[in-house]
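Not measured: the values here are computed from a predicted model. In what follows, chains carry the letters A, B, and so on, assigned in the order in which the sequence lines appear, proteins first and then strands, with residues in each chain numbered from 1.
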There are 2 protein chains.
Amino acid sequence: MLRISKLTDYGIVLLVHFAQRTGGTTLTAREMAEATELPLPVVSKMLKSLASADLLASQRGSRGGYQLAREPEAVSVAEIIEALEGPIVLMECVPDDGVCEQASHCGLRTPWQRINRAIQTTLTQVSLAELAADMPPHHQSTLAIA
Amino acid sequence: MLRISKLTDYGIVLLVHFAQRTGGTTLTAREMAEATELPLPVVSKMLKSLASADLLASQRGSRGGYQLAREPEAVSVAEIIEALEGPIVLMECVPDDGVCEQASHCGLRTPWQRINRAIQTTLTQVSLAELAADMPPHHQSTLAIA
DNA sequence: AACATATCGGACCAAATCAGTCCTGTAAAT
DNA sequence: ATTTACAGGACTGATTTGGTCCGATATGTT
């Protein structure tokens with residue numbers, strides 16, 4: 001459980017790679033594919049996702065490419081994961097009839113809320129910069145939120 | 001992300017149901033299916049899983065059934081999730097050649113370790129009893145670690 | 001203007017996983 | 001013996017995921 005998808009993992013690897021280049025260097029999908037040794041179509045797809053999530057800034061045309069939209073310190077793991085796989089929520093109540101009757105006090109559904117909040121918090125506290133500092137360059141996968 | 005599978009969710013619902021019955025009442029798969037309004041085969045399957053994970057104790061034959069193997073206070077959410085979907089680990093390193101060269105200092109791969117530990121900790125701190133106390137009886141799903 | 005280089009935004013497909021069913025065997029009680 | 005239940009799989013359909021590909025658009029160069 002808590003499994004991160006392979007694609008999300010690739011996305012993280014790509015971001016880490018960007019973070020490890022000093023300065024706002026612009027890199028093309030092809031360059032990233034070579035650097036990470038991942039198939040170009042996949043890299044391309046993920047870069048697009050990351051760009052549309054505003055984690056990367058893109059520039060079209062010749063001399064185009066991607067670069068980090070922000071400083072690595074200002075990007076949290078929570079953001080990355082949320083961008084690539086939707087909200088980080090552990091439980092949601094879905095009663096028999098599809099409508100939660102307890103909806104009112106449900107927002108405070110304590111134990112799950114506690115869990116969600118805790119996970120959210122830790123994920124928010126770790127920045128891309130920390131990942132980059134810690135991760136040996138060249139890993140093409142870090143995978144497996146199991 | 002952090003998605004819990006539907007089956008695991010059912011498993012939790014079943015456990016909560018047991019926890020909400022006072023005393024170590026024995027219930028059959030059929031009774032559980034009726035109580036939770038979930039299809040019998042599914043309930044049966046999950047009860048078997050829970051039993052083989054030693055979260056439930058089973059008794060065969062007529063007058064058989066299942067009951068909690070332990071007090072609800074002594075069962076953590078971490079345990080339940082691990083039993084039903086394997087280890088709760090967020091990241092594992094898998095470099096190009098399949099063998100992690102940094103294996104030595106890799107065990108301390110800080111940021112991910114930190115994240116994993118935090119998640120593990122919160123999940124361990126919440127008990128089945130707390131879930132049961134907080135969850136209205138009858139929910140047949142609590143789902144969606146999104 | 002024409003061309004080359006890149007991203008953009010999809011559609012698309014194969015493979016793996018998940019959810020759910022079903023069947024045969026075995027244990028226990030009457 | 002017969003009935004009641006769990007045990008342990010195999011099996012299938014649906015969904016999700018991983019990965020590919022293509023046409024359109026934007027930008028710089030000649």
| request: Indicate whether the side chain of E85(B) and that of T8(B) have a donor and an acceptor atom separated by less than 3.5 Å. | output: yes
| note | Side-chain atoms of S58(A) come closest, of dT7(C), dA5(D), dT30(C), to dT7(C)
Please report the closest heavy-atom contact between [X] and [Y], naming both atoms and the distance.
{"X": "T26(B)", "Y": "Q67(B)", "result": "OG1-NE2, 3.4 Å"}
{"X": "L84(A)", "Y": "G11(A)", "result": "CD1-CA, 4.1 Å"}
{"X": "A83(B)", "Y": "L55(B)", "result": "CB-CD1, 3.9 Å"}
{"X": "M46(A)", "Y": "Y10(A)", "result": "CG-CB, 4.3 Å"}
{"X": "Y66(A)", "Y": "K48(A)", "result": "OH-CG, 3.7 Å"}

| Nearest-nucleotide 5' precedence on DNA chain C, S52(A) against R63(A) | R63(A)
Answer yes or no: is there a donor N or O on one side and an acceptor on the other, between the side chain of [X] and the main chain of [Y], under 3.5 Å?
{"X": "E130(B)", "Y": "P111(A)", "result": "no"}
{"X": "S44(B)", "Y": "L40(B)", "result": "no"}
{"X": "E37(B)", "Y": "E34(B)", "result": "no"}
{"X": "T124(A)", "Y": "Q120(A)", "result": "yes"}

Rounding to a whole Å, what distance do you find between [X]:[atom1] and [N]:[atom2]?
{"X": "L27(B)", "N": "dT4(D)", "atom1": "CG", "atom2": "P", "answer": "18 Å"}
{"X": "L40(B)", "N": "dA5(D)", "atom1": "CG", "atom2": "C1'", "answer": "11 Å"}
{"X": "L47(B)", "N": "dG8(D)", "atom1": "CG", "atom2": "C1'", "answer": "14 Å"}
{"X": "K48(B)", "N": "dA10(D)", "atom1": "NZ", "atom2": "P", "answer": "12 Å"}
{"X": "M46(B)", "N": "dG8(D)", "atom1": "CE", "atom2": "C1'", "answer": "15 Å"}
{"X": "L50(A)", "N": "dG9(C)", "atom1": "CG", "atom2": "C1'", "answer": "15 Å"}

| note | If one requires at least 3 consecutive Watson-Crick or G-U pairs with distances under 3.5 Å, the stems of DNA chain D turn out to be C:1-30 with D:1-30
| task | Find out whether I119(B) and I115(B) are in side-chain contact, i.e. whether some heavy atom of one side chain is under 4.5 Å from a heavy atom of the other. | result | yes
Which atom pairs link the protein and nucleotides 16-19 of chain D when you take only N or O atoms and keep those under 3.5 Å?
from: dT17(D); atom 1: OP1; to: R3(B); atom 2: NH1; distance (Å): 3.2
from: dG18(D); atom 1: OP1; to: K6(A); atom 2: N; distance (Å): 2.7
from: dG18(D); atom 1: OP2; to: S5(A); atom 2: OG; distance (Å): 3.3
from: dG19(D); atom 1: OP2; to: Y10(A); atom 2: OH; distance (Å): 3.1
from: dG19(D); atom 1: N7; to: K45(A); atom 2: NZ; distance (Å): 2.7
from: dG19(D); atom 1: O6; to: K45(A); atom 2: NZ; distance (Å): 2.9

Check: protein-nucleotides 24-28 of chain C nitrogen or oxygen pairs below 3.5 Å:
from: dT26(C); atom 1: O2; to: R60(B); atom 2: NH1; distance (Å): 3.1
from: dA27(C); atom 1: O4'; to: R60(B); atom 2: NH1; distance (Å): 2.9

